[in-house]
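Here the structure is a predicted model, which means the values were calculated and not measured. All residue numbers refer to positions in the sequence shown, counting from 1.
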Amino acid sequence: FTEMCNAPIEPCLISIVKGGLCLKLIFRKPEQIIGSHYSMIVKKAVVQPEVSAAKWFEKKGWKPFPYQEEAWKSYLSGDNGLVNAPTGSGKTYALLIPALLEIANEKSKTGVSVVWISPVRALARQILQVAESLISDFRLPLKAALRTGDTPAKDRKSQQQSPPDLLVTTPESLHQWIANPKTNRY
């Protein structure tokens with residue numbers, strides 16, 4: 001993948017899943033990347049997060065970075081692309097806020113709407129904490145869950161019976177989840 005983009009890429013992906021299991025990742029050339037240094041991949045979606053996100057940042061005493069605002073506008077426009085920024089500078093907020101707001105607006109469907117793929121379990125746990133915090137802060141009627149090799153069987157069964165809106169997972173666990181015939185209904 002790094003050769004394909006000709007840029008350093010942090011292997012942490014997000015993809016919007018609509019109408020069932022559809023994991024299409026969009027790769028762009030380096031000159032189309034927003035920001036600089038590390039990267040995540042965004043799949044097209046339509047939502048208007050700017051006002052809610054700006055108010056949330058203000059309540060926290062923060063100011064969004066220009067690349068975050070640009071990512072929200074791109075997301076709203078339905079553009080595909082990469083968000084590329086240093087570690088700890090808010091990539092998760094740039095991508096997760098509009099995705100969560102979008103699926104909250106489309107809450108009529110049941111099943112997983114967003115799959116966040118993290119290469120490392122510890123990072124996946126951190127992403128889940130951020131997601132749960134955002135869901136709480138925005139008072140969204142959503143559920144987020146973690147599925148890694150450490151997820152107990154009872155939690156995996158619960159996820160099948162009542163799937164989360166956001167699934168944070170690792171590549172290996174995603175493979176097992178997709179391979180399960182019961183997952184097809186989501």
Side-chain angles (χ1 to χ4, degrees), residues 1 10-27 39-49 52-53 56 71-72 74-76 78-83 91-186:
F1 176 72
E10 179 182 60
C12 188
L13 315 175
I14 185 172
S15 179
I16 305 303
V17 180
K18 293 187 181 207
L21 194 60
C22 177
L23 299 172
K24 293 183 181 178
L25 301 176
I26 306 302
F27 302 95
S39 304
M40 290 182 163
I41 296 173
V42 184
K43 172 88 175 64
K44 176 180 167 176
V46 180
V47 71
Q48 295 182 354
S52 296
W56 181 80
W72 298 334
S74 294
Y75 197 100
L76 172 62
D79 294 337
N80 300 314
L82 295 172
V83 174
K91 292 184 300 292
T92 303
Y93 296 125
L95 301 172
L96 207 47
I97 289 173
L100 291 173
L101 292 174
E102 177 190 37
I103 62 175
N105 289 332
E106 297 178 353
K107 191 59 181 132
S108 61
K109 79 177 222 71
T110 303
V112 178
S113 296
V114 175
V115 176
W116 189 289
I117 307 166
S118 172
V120 182
R121 284 180 265 185
L123 180 58
R125 284 188 292 276
Q126 288 177 347
I127 297 298
L128 178 67
Q129 289 173 345
V130 169
E132 288 174 335
S133 175
L134 288 170
I135 288 168
S136 174
D137 289 353
F138 282 97
R139 296 185 179 132
L140 301 174
L142 302 175
K143 182 170 70 171
L146 179 67
R147 186 177 183 106
T148 68
D150 294 339
T151 304
K154 69 177 179 68
D155 291 347
R156 290 193 302 270
K157 184 176 180 180
S158 175
Q159 290 170 1
Q160 284 180 345
Q161 293 170 344
S162 178
D165 301 289
L166 166 68
L167 180 67
V168 181
T169 190
T170 58
E172 298 80 9
S173 293
L174 178 65
H175 175 74
Q176 291 175 345
W177 183 65
I178 292 171
N180 186 329
K182 295 178 182 175
T183 303
N184 289 339
R185 63 183 178 184
Y186 308 116

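- With contacts defined as side-chain heavy-atom distances shorter than 4.5 Å, the pair V115/T169 qualifies.
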Evaluate Q159 against W177 for side-chain contact (heavy atoms from CB on, under 4.5 Å), listing each step before the verdict.
CA-CA 10 Å; Q159 290 170 1; W177 183 65; 5.6 Å; no
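- Side-chain atoms of R147 never come within 3.5 Å of backbone atoms of L167 as a donor-acceptor pair (strictly under, hydrogens ignored).
- Nearest heavy atom pair, residue A99 against residue Y75, reads CA-OH, 3.2 Å.
- Taken from CG in D165 to CD1 in I103, the straight-line distance is 5.0 Å, to the nearest 0.5 Å.
- Across A71 and V83, no two heavy atoms sit closer than the pair CB-CG2, 4.0 Å.
- For L96 against I127, the heavy-atom pair with the smallest separation is CD2-O, 4.4 Å.
- T148 pairs by the side chain to side chain donor-acceptor pair (under 3.5 Å) definition with nothing, not counting sequence neighbours.
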Using atom types as modelled, flag every donor-acceptor pair under 3.5 Å from a side chain in residues 128-138 to any protein atom, sequence neighbours excluded.
from, atom 1, to, atom 2, distance (Å)
D137, OD2, W56, NE1, 3.0
D137, OD2, K60, NZ, 3.4

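- Between P171 and P119, the shortest heavy-atom distance links the atoms CD-CA, 4.1 Å.
- A side-chain donor-acceptor contact under 3.5 Å links N105 to the backbone of L101.
- Taking each heavy atom of T151 and L146 in turn, the nearest pair found is OG1-O, 3.4 Å.
- Note: I117 CD1 to L123 CG = 12.5 Å, rounded to the nearest 0.5 Å.
- Atom-to-atom distance recorded for W116:CH2 and L166:CG is 8.5 Å, nearest 0.5 angstrom.
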side-chain contact (heavy atoms from CB on, under 4.5 Å) between Q126 and S118, intermediate numbers included
CA-CA 10 Å; Q126 288 177 347; S118 172; over 6 Å; no
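- Annotation for P163 and K143: closest pair O-CE, 3.8 Å, computed over non-hydrogen atoms.
- Residue pairs meeting the salt bridge (charged side-chain N to carboxylate O under 4.0 Å, His left out) criterion with at least one partner in residues 113-130, sequence neighbours excluded, are R121-D150, R125-D150.
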